[in-house]
*Asks:* 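I am attaching a structure below and will ask some questions about it afterwards.
Remember, it's a predicted structure, so these values are computed and weren't measured experimentally. The analysis underlying the following values was restricted to heavy atoms, covering all of them including side chains, and did not include hydrogens, waters or symmetry mates. Ligands are counted one by one from 1 in listed order, and the atoms in each one are counted from 1 as well.
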Amino acid sequence: MSAIEAIKGTRDILPEEVGYWQRIEQVARDLLNRAAYREIRTPIFEQTELFARGIGEATDVVGKEMYTFIDKGERSVTLRPEGTAGVVRAYIENGLHVKGLQRLWYLGPMFRYENVQAGRQRQFHQLGCEVLGSADPRADVEVIALAMDLLAGLGLKDLRLDLNSVGDPADRQQYRQALVEYLTPYKHALDPDSQNRLNRNPMRILDSKNAETKKIIQDAPKIWDYLAPESRRRFDQVQQQLTDLNIAYTLNPCLVRGLDYYTHTAFEIVAETGLGAQNAVGGGGRYDGLVSELGGPETPAVGWAMGLERLLLLLQQLTSTPVIELDFYVVSRGEQAEAQALQLAQTLRRAGFAVELDLSASAFGKQFKRADRSGAVACLILGDDEAANGTVQLKWLGSGDQEALTQTDLLATVETLRHRLKDSRATMPN
Ligand code: HAM
């Protein structure tokens, strides 16, 4: 019978990779907690309408990429393609808006039916944060600063922050009209995708990767010339505050996000090396209209999300897998010794040590080989003699030194052992 394979665009995250994931999660959790963000967990599937209304019918995500199906109750449901819409629904439904400003973060799988390539999957993971209830440009700057600090905290370099303002709906309406007027005479020279977008979603044409289209866009009107004075002022404030925080950015008038809910600030963080074509590590911006669009009160909001698979690709190029640091590897042979080894391992774990117990019941030689490969600092050995007289051999795997002690002494001296383990780890080869 042929083996069943994982679905295209999904991946198993195997134990040797999990260390990276845990590292990203830990750095993110510490950083966001310190900035008073609280984690929120929303369902993985939602009513289709949430995304259709929230993200916009004319977007690629809603138009082509959603995993939508009819459930047994005849409801149209969709696997979430992103986190913001679900967070906003939860914010409204649970009355979080009456509790004042909300700083939230989330992490989890998202689903988009996209062409699969390096850094682009159909099930991928996002880490995101959202600030709901503040129109202050400092909120925009705060979330951007957190994103940059997170990436720096992971040791990532060669990242570029692209910044734009997409104005408010009135600014955009005027701009869209000017853009369509400019592009229409070139309609036949545009790539087919852009031709399609000309009336549906003309601003997305600015994002085209097609060389010919790009040339045409060079002289297109820029959104900045269509920003009302108030929109212009907030764009300037965001830039000034980023500069005050020493956060470098590149202004990019062609930066339009793939989701329709953005107003004013829009940004993307791009890896200049290491990711190939799918080089956006994260993106976000302000979305002042989304909460009311989804049935809540008028609520200004701003946030971002990062693709964890992309962070992982970058991290893997930088550091080797973080491994679990094992203190003891316990080997034993013989019925009585094996029973005692189990007890000893458990007692040491309860005392806070990291302990791996060899369960193979194979010859000592084989167990020793595994002990050497385990990365443990020391090996505990129990054979028939040790079991009979309640002792254990303690072998330091770095130096090969070995000593015999009673099991009671071993447990009585755990604190001293803790220091010896630490010293011995420092001398071990990596
Ligand atoms: P987005 O730009 O669509 O924004 O996605 C954010 C990040 O998710 C991307 O920069 C990328 O790193 C990652 N990503 C997206 N699609 C894939 C994929 N198919 N495979 C791997 N990684 C992917 C949003 O989703 C917004 N909700 C961000 C936001 C939050 N805006 C305001 N608040």
Side-chain angles (χ1 to χ4, degrees), residues 8-11 13 24 32 37 40 42 46 50-51 54-56 59-62 64-67 79-89 91 102-132 134 139-140 142-144 146-147 150-151 156 159-162 164 166 204 207 255-271 274-291 293-294 299-315:
K8 182 173 176 189
T10 71
R11 276 189 64 223
I13 299 165
I24 298 172
L32 290 160
Y37 286 66
I40 183 164
T42 65
E46 299 267 5
L50 172 69
F51 304 115
I55 298 172
T59 60
D60 282 354
V61 171
V62 172
K64 308 193 231 173
E65 296 169 1
M66 294 211 300
Y67 278 92
L79 301 185
R80 61 184 186 191
E82 57 105 53
T84 310
V87 168
V88 169
R89 183 207 42 72
Y91 170 84
Q102 297 288 311
R103 287 184 166 95
L104 304 170
W105 70 270
Y106 54 89
L107 186 157
M110 309 289 161
F111 306 84
R112 296 185 191 177
Y113 194 85
E114 293 198 77
N115 286 330
V116 177
Q117 59 187 98
R120 190 153 82 185
Q121 295 177 202
R122 292 183 175 168
Q123 173 174 335
F124 60 99
H125 295 76
Q126 277 186 349
L127 165 74
C129 74
E130 316 288 352
V131 178
L132 295 129
S134 174
D140 310 33
E142 175 176 296
V143 295
I144 294 176
L146 285 172
L150 170 62
L151 296 165
L156 303 181
L159 298 167
R160 192 184 73 229
L161 169 65
D162 281 357
N164 194 15
V166 294
R204 280 308 303 262
D207 202 27
L255 171 67
V256 279
R257 308 266 304 126
L259 315 162
D260 273 357
Y261 48 62
Y262 292 103
T263 53
H264 302 291
T265 309
F267 60 91
E268 245 163 41
I269 302 165
V270 174
L275 282 188
Q278 299 305 315
N279 62 355
V281 171
R286 185 160 273 290
Y287 49 95
D288 290 345
L290 183 60
V291 180
E293 179 65 38
L294 293 175
T299 310
V302 61
W304 49 253
M306 292 190 196
L308 294 193
E309 280 77 6
R310 297 188 189 173
L311 290 187
L312 192 95
L313 284 170
L314 292 173
L315 263 188

*Asks:* Does E114 have a heavy atom less than 4.0 Å from any atom of ligand 1?
*Replies:* yes

*Asks:* Would you check whether G258 reaches within less than 4.0 Å of ligand 1, judged by its heavy atoms?
*Replies:*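 For ligand 1, residue contact (heavy atoms, under 4.0 Å) with G258 is absent.
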
*Asks:* Considering only non-hydrogen protein atoms, determine which one is nearest to atom 32 (C) of ligand 1 and report residue, atom name and distance to 0.1 Å.
*Replies:* G303 O, 3.3 Å

*Asks:* Among all protein heavy atoms, pick the one closest to atom 27 (N) of ligand 1 and tell me residue, atom and distance.
*Replies:*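 For this ligand atom, the closest protein heavy atom is E82 OE1, 2.5 Å.
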
*Asks:* Considering distance alone, does some N or O of T84 sit under 3.5 Å from an N or O of ligand 1?
*Replies:* yes

*Asks:* Any chance the side chains of Y67 and Q123 put a donor and an acceptor closer than 3.5 Å?
*Replies:*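 Distance-only check fails for Y67 and Q123.
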
*Asks:* Could you name the option among R257, Q121, R310, Q126 that has the heavy atom nearest to atom 6 (C) of ligand 1?
*Replies:*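 Of the listed residues, Q126 has the closest heavy atom.
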
*Asks:* Quick check on side-chain hydrogen bond (donor to acceptor under 3.5 Å, both in side chains): which of T265, T263, D140 does R286 satisfy it with?
*Replies:*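 When T265, T263, D140 are each tested with R286, the side-chain hydrogen bond (donor to acceptor under 3.5 Å, both in side chains) holds only for D140.
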
*Asks:* Quick one: nearest non-hydrogen protein atom to atom 29 (C) of ligand 1, plus distance?
*Replies:*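 Among all protein heavy atoms, the one nearest atom 29 (C) of ligand 1 is Y262 OH, 3.3 Å.
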
*Asks:* Check E268 against ligand 1 and report side chain, backbone, both or neither, counting heavy atoms closer than 4.0 Å.
*Replies:* neither

*Asks:* Would you say that D260 contacts Y287 through its side chain, given a criterion of any heavy-atom pair below 4.5 Å between the two side chains?
*Replies:* no

*Asks:* Salt-bridge test for R103 and E142: reply yes if a basic N is under 4.0 Å from a carboxylate O, no otherwise.
*Replies:*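 Between E142 and R103 there is a salt bridge, with a charged N closer than 4.0 Å to a carboxylate O.
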
*Asks:* Are any of the N or O atoms of F124 closer than 3.5 Å to those of ligand 1?
*Replies:*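 By distance alone, the answer is no.
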
*Asks:* What is the closest protein heavy atom to atom 9 (C) of ligand 1, and at what distance does it sit?
*Replies:*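 Here the nearest protein heavy atom works out to A280 O, 4.1 Å.
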
*Asks:* Name the closest protein heavy atom to atom 21 (C) of ligand 1, giving the residue it belongs to and the distance to 0.1 Å.
*Replies:*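 Result for atom 21 (C) of ligand 1: G119 O, 3.3 Å.
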
*Asks:* Does the residue G128 have a heavy-atom contact with ligand 1, meaning some pair of atoms that are separated by less than 4.0 Å?
*Replies:* no

*Asks:* Please indicate whether any nitrogen or oxygen in V281 is less than 3.5 Å from any nitrogen or oxygen in ligand 1.
*Replies:* yes

*Asks:* Going by heavy atoms in the side chains, are H125 and I13 under 4.5 Å from each other?
*Replies:*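 Yes. Closest side-chain heavy atoms under 4.5 Å.
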
*Asks:* On a heavy-atom basis, I'd like to know which of M306, R286, E130, R80 is closest to atom 33 (N) of ligand 1.
*Replies:*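 When every heavy atom of M306, R286, E130, R80 is considered, E130 comes closest to atom 33 (N) of ligand 1.
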
*Asks:* Is the closest side-chain heavy-atom distance between Y37 and V143 below 4.5 Å?
*Replies:* yes

*Asks:* Going by heavy atoms in the side chains, are E65 and R122 under 4.5 Å from each other?
*Replies:*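 No. Closest side-chain heavy atoms not under 4.5 Å.
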
*Asks:* Return the closest protein heavy atom for atom 26 (C) of ligand 1 as residue, atom name and distance.
*Replies:* Y261 OH, 3.3 Å

*Asks:* How long is the gap from CD on Q121 to CZ on R112, to the nearest 0.5 Å?
*Replies:* 12.5 Å

*Asks:* Is ligand 1 under 4.0 Å from a heavy atom in the side chain of R120, in the backbone, in both, or in neither?
*Replies:*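 Both backbone and side chain.
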
*Asks:* Which protein heavy atom lies closest to atom 13 (C) of ligand 1, and at what distance to 0.1 Å?
*Replies:*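 The closest one turns out to be G307 CA, 3.5 Å.
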
